J.: 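So that we are looking at the same thing, I have put the structure below in structure tokens.
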2 protein chains.
Amino acid sequence: MSVQRQTKQLQAIQTAFETAGRPLSIDEIHELAGRDIESLGVRTVYRAVRRLQENGDVSIVNVPGGSDRYELASVAAEHHHHFHCTACDRFFDIHGCPGGLKKLLPKGFKLEHHELTLSGLCESCA
Amino acid sequence: MSVQRQTKQLQAIQTAFETAGRPLSIDEIHELAGRDIESLGVRTVYRAVRRLQENGDVSIVNVPGGSDRYELASVAAEHHHHFHCTACDRFFDIHGCPGGLKKLLPKGFKLEHHELTLSGLCESCA
DNA sequence: TAACTAATGGCAATTAATTGCCATTAATGC
DNA sequence: GCATTAATGGCAATTAATTGCCATTAGTTA
């Protein structure tokens with residue numbers, strides 16, 4: 001069976017996730033990892049992210065409006081939410097959760113998950 | 001200058017919003033209004049929704065993952081959130097808001113808006 | 001009712017995001 | 001180092017959503 005190779009492209013992509021510490025879009029990954037690997041192809045980013053997802057190392061973050069972001073599965077493992085800066089279009093992790101959502105439900109509805117996205121200006125844009 | 005005509009297609013689309021009482025996707029509008037107007041074209045739905053938006057009668061609802069939904073501006077005017085049924089893929093209005101979000105913010109961040117999407121099973125799917 | 005023209009709707013064209021293809025590169029095991 | 005083959009990356013192709021085009025339909029006003 002096939003063995004996964006540890007390429008420097010994949011390493012750069014993993015490093016990008018770790019140093020960014022926030023959810024990244026495909027383009028952001030391409031940009032950040034591309035600083036290490038010149039001429040990093042977007043095609044490679046798509047493949048790497050897919051593989052990291054399949055390996056359970058990275059989780060997808062569906063955001064309202066914009067394109068999908070990806071974050072380390074270790075981060076996704078603990079319940080949290082996100083902040084979207086409308087100026088720089090970056091997403092950040094928000095720790096904590098308002099809670100008490102069940103009482104907002106119409107009767108008969110069954111709550112399984114929830115997603116909260118705060119938006120405004122991040123520290124560097126404010 | 002041009003006068004907007006009240007066509008039966010546009011009426012059916014407006015009626016669809018009012019009777020549905022929940023955010024609708026382009027396809028849902030097409031389906032619902034299409035029950036009144038046979039052979040209603042999707043092209044017409046796109047144009048009508050665009051015009052209703054420009055007239056301020058309809059607002060766009062960005063949802064995580066899926067395609068955009070649209071709701072009556074009168075509904076959007078009062079702060080509320082949404083519930084997404086993972087079984088039938090419909091969205092519903094949720095009245096109320098958990099509040100207390102400001103204390104979740106990292107320091108230096110400025111909160112302007114927020115969006116909450118509950119998900120699970122709606123009454124008829126549960 | 002007639003004239004005017006906004007609106008419709010079917011299909012082709014566009015757009016943006018993602019993937020297939022494949023020759024080339026380079027990581028791995030011996 | 002060498003052989004093997006997974007991975008890369010550039011471009012073309014695909015996909016899905018939306019829009020342009022335009023002949024036809026049908027509100028609107030006089």
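These numbers come from the heavy atoms of this one structure, side chains and all, not from hydrogens, waters or symmetry mates. The structure displayed is predicted, hence computed values, not measured ones.
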J.: Give every pair of a protein N or O atom and an N or O atom of nucleotides 27-30 of chain C that lie under 3.5 Å apart, one pair per line with the distance.
T.:
| unit_1 | atom_1 | unit_2 | atom_2 | d |
| --- | --- | --- | --- | --- |
| C:dA27 | N3 | A:Arg5 | NH1 | 3.3 |
| C:dT28 | OP1 | A:Gln6 | N | 3.0 |

J.: Over the length of the helix from C:dT1-D:dA30 to C:dC30-D:dG1, how much do the five-pair end axes diverge, rounded to 10 degrees?
T.: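 Between the axes fitted at each end of the helix from C:dT1-D:dA30 to C:dC30-D:dG1 lies an angle of 50°.
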J.: Could you list the donor-acceptor pairs under 3.5 angstrom formed between side-chain atoms of residues 119-126 of chain A and any protein atom two or more places apart in sequence or on another chain?
T.:
| unit_1 | atom_1 | unit_2 | atom_2 | d |
| --- | --- | --- | --- | --- |
| A:Ser119 | OG | B:His113 | O | 3.4 |
| A:Ser124 | OG | A:Arg90 | NH2 | 3.0 |

J.: What residues in residues 27-55 of chain A put a non-hydrogen atom under 4.0 Å from any atom of DNA chain C?
T.: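 Residues of residues 27-55 of chain A under 4.0 Å from DNA chain C: A:Arg43, A:Tyr46, A:Arg47, A:Arg50.
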J.: What is the separation between atom CD1 on B:Ile26 and atom P on D:dA16, rounded to the nearest whole Å?
T.: 17 Å
J.: Counting only pairs under 3.5 Å, give me each side-chain donor-acceptor contact of residues 50-66 of chain B, with atom names and distances, residues two or more places apart or in other chains.
T.:
| unit_1 | atom_1 | unit_2 | atom_2 | d |
| --- | --- | --- | --- | --- |
| B:Asn55 | ND2 | B:Gln4 | OE1 | 3.1 |
| B:Asn62 | ND2 | B:Asp68 | OD1 | 3.1 |

J.: Would you mind listing every side-chain hydrogen bond (donor to acceptor under 3.5 Å, both in side chains) that reaches into residues 94-104 of chain A, with sequence neighbours excluded?
T.: none
J.: Would you list the atom pairs, donor with acceptor, under 3.5 Å between side chains in residues 32-45 of chain B and any protein atom, with sequence neighbours excluded?
T.:
| unit_1 | atom_1 | unit_2 | atom_2 | d |
| --- | --- | --- | --- | --- |
| B:Arg35 | NE | B:Glu31 | OE2 | 3.1 |
| B:Arg35 | NH2 | B:Glu31 | OE2 | 2.8 |

J.: Given side chain to side chain contact (heavy atoms under 4.5 Å, CB included), test B:Leu104 with A:Phe83 step by step and report yes or no.
T.: CA-CA 10 Å; B:Leu104 300 178; A:Phe83 180 95; over 6 Å; no
J.: Taking the inter-plane angle between the rings of B:His81 and B:His114 on a 0 to 90° scale, is it parallel (under 30°), tilted (30 to 60°) or perpendicular (over 60°)?
T.: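 Plane angle between 30° and 60°, so tilted.
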J.: List for me each residue that meets salt bridge (charged side-chain N to carboxylate O under 4.0 Å, His left out) alongside A:Glu115, sequence neighbours excluded, and say none if there are none.
T.: none
J.: Pull out every residue in residues 60-68 of chain B that has a heavy atom closer than 4.0 Å to any atom of DNA chain D, ordered by number, or say none.
T.: none
J.: My understanding is that only residues two or more places apart in sequence, or in another chain, count here; which of them pass salt bridge (charged side-chain N to carboxylate O under 4.0 Å, His left out) with B:Glu71?
T.: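 Counting only residues at least two positions away or on another chain, B:Glu71 forms no salt bridge (charged side-chain N to carboxylate O under 4.0 Å, His left out).
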J.: With sequence neighbours left out, which residue pairs that include part of residues 17-65 of chain B fulfil the ring-ring contact (aromatic ring centres under 6.0 Å, His included) condition?
T.: none
J.: Do we get B:Arg22 above B:Phe92's six-membered ring, with its NZ or CZ under 6.0 Å from the centre and within 45° of the axis?
T.: yes
J.: A:Leu10 has an atom CG; how far is it from atom C1' of D:dA6, in whole Å?
T.: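 The answer, rounded to whole Å, is 12 Å.
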J.: Which residues pass the salt bridge (charged side-chain N to carboxylate O under 4.0 Å, His left out) test with A:Arg69, sequence neighbours left out?
T.: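 With neighbours one apart ignored, the set is A:Glu28, A:Asp89.
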J.: Looking only at non-hydrogen atoms, find the nearest pair between B:Leu24 and B:Ala16 and report the distance.
T.: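 Heavy atoms only, the tightest pair is CD1-O, 3.9 Å.
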J.: Step by step, work out the side chain to side chain contact (heavy atoms under 4.5 Å, CB included) result for A:Val75 and A:His80.
T.: CA-CA 8 Å; A:Val75 174; A:His80 69 291; 4.0 Å; yes
